[in-house]
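Please read the structure below before turning to the comments.
What you see is a predicted model, and the numbers here were worked out from it, not measured in a lab.
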There are 2 protein chains.
Amino acid sequence: MQNLSKNQQIIFDLIDKSPEPLKAYSILFNVQKRGIKAPLQVYRALDKLVEIGKIHKIESRNAFIACQNSSCQISKATAFSICESCEKVTEINNSNLSKYLTGFKDKNGMKYNKYNLEFFGLCKKCISKKS
Amino acid sequence: MQNLSKNQQIIFDLIDKSPEPLKAYSILFNVQKRGIKAPLQVYRALDKLVEIGKIHKIESRNAFIACQNSSCQISKATAFSICESCEKVTEINNSNLSKYLTGFKDKNGMKYNKYNLEFFGLCKKCISKKS
DNA sequence: TTACAAAATGTTATATTATAACAATATAAC
DNA sequence: GTTATATTGTTATAATATAACATTTTGTAA
Ligand SMILES: [Zn+2]
Ligand SMILES: [Zn+2]
Ligand SMILES: [Zn+2]
Ligand SMILES: [Zn+2]
């Protein structure tokens, strides 16, 4: 477990304390006071953080969330629940699900070494608001 | 099953006959000779085609593929295999998988009405190239 | 068949997301 | 200490996507 570089640490801290996924340019805006001025500085740190599994990209939202699951440090098996009303995102940590997907083989004979799953629906809060 | 409008049909035909996922601006370039000149015309057709399940968006690639699975016309339960070497994308049609995921409930009590799953690995061709 | 509503189109401009290219600096390994 | 690797800094630009507004077409029903 390598240490993070300065930019990586700044950006990880921001994402980690955020209650919601952050977008790259929102991150940029927030870290400008700490000396990170250019998009590329943000994207490079994000790439690295994703690579080492400290954060994940929510592909359908182009946003980044800290890993909430100490076990997936390789970032190769990710699952999220996304509320389509309030946009709350939670990382799913369910061993039955991860076992099922990690072991999944399709008829095409392809063996997968990585997956990303995004579930969409309404969170509890948003369901109760509607009733 | 409504008919497609002119622009929707042009763009669907292009995607449907493509052996690989197409990106929006590549689509735009290819349909300019047929009178579609602006990105927004492409994106509007894509949005509609996704909504009615004729095509799907491969989120990790920002690209669009025709539905290869006559049963998922509502576009609410999608799974793909993606070769990280040649970028070949195939829609997975596996009833065991779709049953498992459609029925999946996490401990947060959230009920999902939609999911998207992307598997990554090496396709058969690319595996044999390496050996 | 006319009137109304809904969907689709056309067009210009702009917002958002992401990478190319190149130089400099810091960190780790030998 | 020297070399290799990773990280940073910087400017410019590429790629992806939407806002806003006017017009036209299509479907529906009086
Ligand atoms: Zn994680
Ligand atoms: Zn919600
Ligand atoms: Zn499909
Ligand atoms: Zn391949």
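- A sub-4.0 Å separation between OP1 or OP2 of D/dT7 and a side-chain N or O of A/Lys48 is present.
- Note: CD1 (A/Ile27) to P (C/dT16) measures 15 Å, nearest angstrom.
- Between B/Ile11 atom CD1 and C/dA8 atom C1' the separation is 12 Å, expressed in whole Å.
- Among pairs with a residue in residues 18-48 of chain A, none fulfils ring-ring contact (aromatic ring centres under 6.0 Å, His included), at least two apart in sequence or across chains.
- Note on residues 23-36 of chain A: no pairs pass salt bridge (Lys or Arg N to Asp or Glu O under 4.0 Å), not counting sequence neighbours.
- Note on residues 107-124 of chain A: pairs passing salt bridge (Lys or Arg N to Asp or Glu O under 4.0 Å), not counting sequence neighbours, are A/Lys114-B/Glu84.
- Annotation: ring-ring contact (aromatic ring centres under 6.0 Å, His included) contacts involving residues 79-112 of chain A, sequence neighbours excluded, comprise A/His56-A/Phe80, A/Tyr100-B/Tyr100, A/Phe104-B/Phe119, A/Tyr112-B/Phe119.
- Residues that satisfy the side-chain hydrogen bond (donor to acceptor under 3.5 Å, both in side chains) test with B/Asn94, not counting sequence neighbours, are absent from this structure.
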**Study point:** Check against side-chain contact (heavy atoms from CB on, under 4.5 Å), B/Ile11 and B/Ile15
**Key:** CA-CA 6 Å; B/Ile11 286 171; B/Ile15 297 172; 3.9 Å; yes
Point to revise | Contact letters for nucleotides 8-20 of chain D, in which S counts primed atoms plus P, OP1 and OP2 and B counts the base, heavy atoms under 4.0 Å | key: BBBB----BBBBB
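- Atom CG of A/Leu28 is separated from atom P of C/dT19 by 15 Å (rounded to the nearest Å).
- B/Glu20 is linked by a salt bridge (charged side-chain N to carboxylate O under 4.0 Å, His left out) to nothing, counting only residues two or more places apart in sequence or in another chain.
- The distance between atom CZ of B/Arg34 and atom C1' of C/dG10, rounded to the nearest whole Å, is 17 Å.
- Residues satisfying the side-chain contact (heavy atoms from CB on, under 4.5 Å) test with B/Leu40, not counting sequence neighbours, are B/Arg44.
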Practice item. Kindly express the pairing pattern of DNA chain C in dot-bracket notation, using | wherever a base pairs with another strand and counting only Watson-Crick or G-U pairs under 3.5 Å. Key: ||||||||||||||||||||||||||||||
